[in-house]
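This report concerns only the one structure given below.
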There are 2 protein chains.
Amino acid sequence: MSAVKHDVFQAIADPTRREVLRLLANEELPISKISDHFPISRTAVAKHLHILSEAQLVTGKRVGREKIYTLHPEPLTEVQQWLSYYE
Amino acid sequence: MSAVKHDVFQAIADPTRREVLRLLANEELPISKISDHFPISRTAVAKHLHILSEAQLVTGKRVGREKIYTLHPEPLTEVQQWLSYYE
DNA sequence: TTGACATATAACCAAAAGGTGTTATATTAT
DNA sequence: ATAATATAACACCTTTTGGTTATATGTCAA
């Protein structure tokens, strides 16, 4: 799970990660709140968030003992541009 | 390679498969011609084509001893629609 | 009819993906 | 000070992915 290993196409390939992005579109959320929405462990959700942050789709800021994740949809334009070829 | 249909998001996650789609955007091609463009074996390319066809992004028609693949970009609209949420 | 060609199929492999549970560390509330 | 909370960091496991090679089958050309 290194710094530039995951690209945006890979990041959005997983349905759980797409749902995470949807959640964060509405509001910033800590890991615990995000993992409440999924039937998997908090550890697994944290890994998904790490992959999303490698793709620069989210950032996490420390607030007290929580880590609050924020959506950054900008990298999705790469997908958009790739798709535009087929319209 | 499961019998379960591959999702279009998963299909386009792989860079080789995205390149295959680009090639087929210009012209229909048999497997052998497609695999000329990649440093991997013909078998590997055939597997990628199988995944793309599970996602309904390509179809293959038998012509003599060749199998000619054709692009069908329609399923990409699912990605387009998913992306539109973030614009 | 024989040989070359195009693809299919099968067995196999290493690495990555997606998950688990446990333990450690930092922060907050009592 | 202690207990509870939130996350991080491991170690570990199973399945999937992306690739290989070898062999079989069907088609075309000489």
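Atom-to-atom, CZ of Phe9(A) to C1' of dA16(C) comes out at 20 Å; the value is rounded to the nearest Å. Atom OH in Tyr69(B) sits about 9 Å away from atom P in dT7(C), given to the nearest Å. Summarising the geometry, the separation between CG on Leu49(B) and C1' on dT9(C) is reported as 16 Å, rounded to the nearest angstrom. Atom C1' of nucleotide dC10(D) and atom NZ of Lys47(A) are separated by 10 Å, given to the nearest angstrom. Look at NE2 on His50(A): it is 15 Å from P on dT7(D), rounded to the nearest Å. If you take CD1 of Ile40(A) and P of dG19(C), they are 4 Å apart, rounded to a whole angstrom.
Between the side chain of Arg65(A) and the base of dT5(D), at least one donor-acceptor pair of N or O atoms lies under 3.5 Å.
Of the listed nucleotides (dT20(C), dT20(D), dA8(C)), dA8(C) has the atom at the smallest distance from the side chain of Ile31(B). Side chain of Thr43(B), nearest nucleotide from dA22(D), dT7(D), dT7(C): dA22(D). When each of dT7(D), dA11(D), dG19(D) is scored by its nearest atom to the side-chain atoms of Thr16(B), the top-ranked nucleotide is dG19(D).
Looking at Tyr86(B) and Val79(A), their side chains never come closer than 4.5 Å, going by heavy atoms from C-beta outward. In this structure the side chain of Leu49(B) never reaches within 4.5 angstrom of the side chain of Lys67(B), judged on heavy atoms.
Proximity of Arg42(B) to the phosphate of dT7(C): a side-chain N or O atom is located under 4.0 Å from OP1 or OP2. At dA17(C), one or more side-chain N or O atoms of Gln10(A) fall inside 4.0 Å of OP1 or OP2 (strictly under the cut-off). A close approach under 4.0 Å does not occur between any side-chain nitrogen or oxygen of His48(B) and OP1 or OP2 of dT17(D). Here Lys67(A) does not reach the OP1 or OP2 of dA6(D): none of its side-chain N or O atoms lies under 4.0 Å away. His6(A) has a side-chain polar atom (N or O) that falls below the 4.0 Å cut-off from OP1 or OP2 of dA17(C). Taking side-chain N and O atoms only, Ser41(A) has a distance below 4.0 Å to OP1 or OP2 of dT20(C).
Using a 4.0 Å heavy-atom distance criterion, Ser32(A) is classed as a sugar-phosphate-only contact.
Nearest approach of Glu66(B) to Ile68(B), heavy atoms of both residues: OE1-CD1, 3.7 Å.
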